[in-house]
Amino acid sequence: MNDLSTDQTLRTAFAELRAAERSRIRPPGADAAHRTVRRRRRLAAASATGGLTALVAIGAGYLATTGEPAPVRATTDPASVTTEASAAPGARLPQELTNITVNALGKLPPGSRSLVIAGDSVSPAPRPSIELAAKPGRFVLRLACGGDGTVTATVRTGSQVTTATARCATTTDAVAAGAAETPVVIADPGTAVINLPSTPAAGSRVVSAALIPR
Amino acid sequence: MQPAADVIDLAVPPPPETASFERFYAAHFQDLTVQLYGYLGDRQEAQDVVQEAFCRALARWSKVARYDDPVAWVRRVAWNLATSRWRRARTALMFLRRQRADSVHVAGPEPDRVALVAALATLPPAQRRAIVLHYLADMPVAEIADRERTAPGTVKSWLYRGRAALAAHLDAGITEPKGTPHE
């Protein structure tokens, strides 16, 4: 067989391979990609805050049942998390700003729930929302922002919707001074959904939120 | 309508790029997986690296979406992953999964396609990449050369040698008895 006829033969063979294989492949789906990215961002945020965040509860459906610190959901295999972190430096947190923002929330009493939202995870697709779970009851939602500008969070608890606007800053005292608070009532099943707007500046901010029992 | 207390209800609409990612994913996932399958010889592994590449694209989608050719970006990431530490680190995990997958049913590809993929696996990596990019990704020689950072003549040489090797393997496969008596 000369090169030209081999070329034609291979074109046919590869076209058949492509057609046959396409029908055999079942994509995990774009939703699975979204879930993976969200999970990695949450884990990156949680691991970056380390021991500083006393109570971190991230994830839809997580319902706190005790006053103890909430565990971080770790459903992603560690290998992929580690390599993703090393392969995507953009996903890493500015540690200093994270520490400042967490410290600015102040000492949290037992029963509080808090989380840190960092970097461009403020604008994840398709759901730029985070759930904070806590026992049903009356709480104050405290919002702190490290970086520039202001950030307005929309908080939904059941049918109640409130907003809180925090002024961002780069020192602990200034972030604490700019922190916003809003009362929220959590009813059974006890979840507050916090939405943060997607803006170009969001990627450079670190936002912390805490549900503090009243 | 009042949302249920435990339902996530977005106060802000999803950014427009979200929809474009969905379309992008749907349009290209299978083609890219076939290309990686041709290179790796393992469909599940190909699917894993392509999914991972799409995840990485999604993580920086606002930037990737503005590239002239986002598919090329995802393809490059997938190919890099296919030969990277990430892939090696997942070997054990995939082995375990394959054990499960093997117990479940899917009909195997036809013998001709198995032979083609097996023949591809015998080629040196550069020739295999060139063949796959040319015949499965429909990339012209110049584009492959640009991607591989080499001269077009080198790519032509890879393709020529790759074709010759494939032809030899496939011819050998055809002339070998396959267990079915010839009439």
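Quick caveat: nothing in here was measured; it's all calculated off a predicted structure. Here is how names work: the chains are called A, B, and so on, in the same order as the sequence lines, proteins then strands, and each is numbered from 1.
For B:Leu166, the part sitting under 4.5 Å from any heavy atom of chain A is the side chain, from C-beta outward, and nothing else. Contacts of A:Ala32 with chain B are made by both backbone and side-chain atoms, with heavy-atom separations under 4.5 Å.
With no hydrogens or angles considered, no side-chain donor-acceptor pair links B:Tyr37 and B:Gln44 at under 3.5 Å. In this model, no donor atom of one side chain and acceptor atom of the other lie less than 3.5 Å apart for B:Gln35 and B:Asp31. At a cut-off of 3.5 Å, with distance as the only test, a side-chain donor of B:Glu22 or A:His34 sits close to an acceptor on the other residue.
Annotation: side chain to side chain donor-acceptor pair (under 3.5 Å) contacts of B:Thr122 (sequence neighbours excluded): B:His169. Under the rule for a side chain to side chain donor-acceptor pair (under 3.5 Å), the partners of A:Asp7 that lie at least two apart in sequence or sit in another chain are A:Arg11, B:Tyr135. Listed by chain and residue number, nothing satisfies the side chain to side chain donor-acceptor pair (under 3.5 Å) test with A:Thr182 (two or more places apart in sequence, or in another chain).
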Requested in this report: Before giving the answer on ring-ring contact (aromatic ring centres under 6.0 Å, His included), spell out for B:His28 and B:Phe54 the whole-Å C-alpha distance, their side-chain angles and the decisive distance to 0.1 Å.
Outcome: CA-CA 10 Å; B:His28 300 290; B:Phe54 272 104; 7.7 Å; no
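Inspection of non-hydrogen atoms places B:Tyr160, B:Arg163 of residues 147-164 of chain B under 4.5 Å from chain A.
In terms of heavy-atom pairs under 4.5 Å with chain A, the best-connected choice from B:Val50, B:Val77, B:Thr33, B:Val132 is B:Thr33.
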